[in-house]
Amino acid sequence: MKVRILTLFPEMFNGPFGTSILKKAQEKELIDIQCFNIRDFALNKHKKVDDYPFGGGAGMVMTPQPIFDCHHHVTQMLNLNEPCKTIYLSPKGSTFTQEKAMELAKEEQLIFLCGHYEGIDQRIIDELVTDEISIGDYVLTGGELPAMVIVDAITRLIPGVLSTEASYEDESFHCGLLEYPHYTRPRAFNGLEVPSVLLSGNHKDIDMWRRKQSIELTFERRPDLLKGLQLKKNEAQWVAELSKKKE
Ligand SMILES: CN1CCN(c2ccccc2CNc2ccc(C(N)=O)cn2)CC1
């Protein structure tokens, strides 16, 4: 997969894309991430990329020319015969979910447009943006952090990025339930023990315990996730007991 990031702050991406899973995925050539500095495409002498909003109001708006030319340069280099999916990160977008991540992970190439200031000129959104996405209902300084979040979530889903056992922990494995608690050595830490079932070596009991933990945790913290799930008979029984306890 080719990922192209249009931003005023390419250096922000060095950390996340230069570390751990994302770094390895690039070294294994499973993903090719390139950042482009929108400012490099500004034609005015002072490389200005923002201006006052028509109609007045506080803040500045990113001007269309540098973004348009940067996007054009990137799409030319991608050499596609149809327009490239272009994602604009904004609080107005549709909320990002694991399902959306799985959908985007199937794309051959993606362009991310990171807004700053009060946003970008609407003509860019109308002409170039195919998807407007928000990572949640909160206000950030720019679209860069949302772009990193989305690229991280997508990259994990590309075959070969996660080693097999790691992908086993993947959200889809838990099929929408919250993950069970994790323990590792030592068996006693500050007098705190590990649940004995995990030391039993009985993998049927361990899987049952983990599934029960996931269901109980999801019931407690995210009952909305339980609504859409197909539970086995005994699991539905657990939920019924939890509901009774709650009354
Ligand atoms: C005070 N305004 C500053 C500019 N901003 C804005 C407006 C348009 C595009 C990008 C931004 C950058 N901010 C973002 C971006 C994404 C998210 C998200 N939830 O995905 C939250 N914030 C809106 C808020």
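Whatever order the structure lists them in is the order used to number ligands and atoms, beginning at 1.
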**Message:** Any non-hydrogen side-chain atom of Ile124 less than 4.5 Å from a side-chain atom of Met62?
**Reply:** no
**Message:** Within the supplied structure, the quantity of interest is the number of heavy atoms (other residues, nucleotides, ligands) at a distance under 6.0 Å from Lys23 NZ; does it exceed 12?
**Reply:** no
**Asked** Taking heavy atoms and a distance under 4.0 Å, where does Leu89 meet ligand 1: side chain, backbone, both or neither?
**Response** backbone
**Prompt:** Can you list the ligand 1 atoms lying under 4.0 Å from a non-hydrogen atom of Pro146?
**Reply:** 16 (C), 20 (O)
**Asked** Measuring from Asp121:CG to Phe68:CZ, what's the distance to the nearest 0.5 Å?
**Response** 12.0 Å
**Item:** Atom pair CE/CD1 of Met148 and Ile135 - distance to nearest 0.5 Å
**Value:** 10.0 Å
**Complete:** If you scan protein heavy atoms around atom 14 (C) of ligand 1, the nearest is Leu140 O, 3.6 Å
**Prompt:** For Glu108, does the CD atom have more than 12 heavy-atom neighbours from other residues, nucleotides or ligands under 6.0 Å away?
**Reply:** no
**Fill in**
Honestly, for Phe96 the part within reach of ligand 1 (heavy atoms, under 4.0 Å) is neither
**Identity and separation of the nearest protein heavy atom to atom 19 (N) of ligand 1** = Gly136 O, 2.8 Å
**Prompt:** Which residue and non-hydrogen atom of the protein lie closest to atom 2 (N) of ligand 1, and at what distance in Å?
**Reply:** Glu118 OE1, 3.7 Å
**Prompt:** Considering only protein heavy atoms, which is closest to atom 3 (C) of ligand 1, and at what distance to one decimal place?
**Reply:** Tyr117 O, 3.4 Å
**Message:** For a 4.5 angstrom cut-off between non-hydrogen side-chain atoms, does Phe219 reach Leu226?
**Reply:** yes
**Prompt:** Would Arg211 and Glu235 count as a salt bridge (charged side-chain N to carboxylate O under 4.0 Å, His left out) if you check the C-alpha gap in whole Å, the side-chain angles of each, and the deciding distance to 0.1 Å?
**Reply:** CA-CA 9 Å; Arg211 183 79 180 170; Glu235 294 170 344; 2.6 Å; yes
**Item:** Closest protein heavy atom to atom 20 (O) of ligand 1, given as residue, atom name and distance to 0.1 Å
**Value:** Ile135 N, 2.9 Å
**Message:** Out of all atoms in ligand 1, which are within 4.0 Å of some heavy atom of Ser134? Include the element for each.
**Reply:** 18 (C), 19 (N), 20 (O)
**Item:** Closest to atom 12 (C) of ligand 1 among Gly142, Cys114, Gly93 (heavy-atom distance)
**Value:** Gly142
**Message:** Looking only at the aromatic ring of each residue, does the gap between the centers of Phe9 and His116 stay below 6.0 angstrom?
**Reply:** yes
**Request:** Would you indicate whether Glu99, at its atom CD, is surrounded by more than 12 heavy atoms from other residues, nucleotides or ligands within a distance under 6.0 Å?
**Result:** no
**Nearest-contact summary for atom 24 (C) of ligand 1 - protein heavy atom, Å** = Val139 CG1, 3.6 Å
**Asked** Nearest to atom 6 (C) of ligand 1 by heavy atom, Ala58, Pro91, Ala147, Gly115: which?
**Response** Pro91
**Asked** Do Phe96 and Ser134 come close enough that some side-chain heavy atom pair is under 4.5 Å?
**Response** no
**Asked** What residue and heavy atom of the protein are closest to atom 8 (C) of ligand 1, and at what distance?
**Response** Tyr88 OH, 3.3 Å
**Message:** Tell me the contacting part of Ser90 for ligand 1: side chain, backbone, both, or neither, using a 4.0 Å heavy-atom threshold, strictly below.
**Reply:** both
**Prompt:** Looking only at N/O atoms, are Tyr138 and ligand 1 under 3.5 Å apart anywhere?
**Reply:** yes
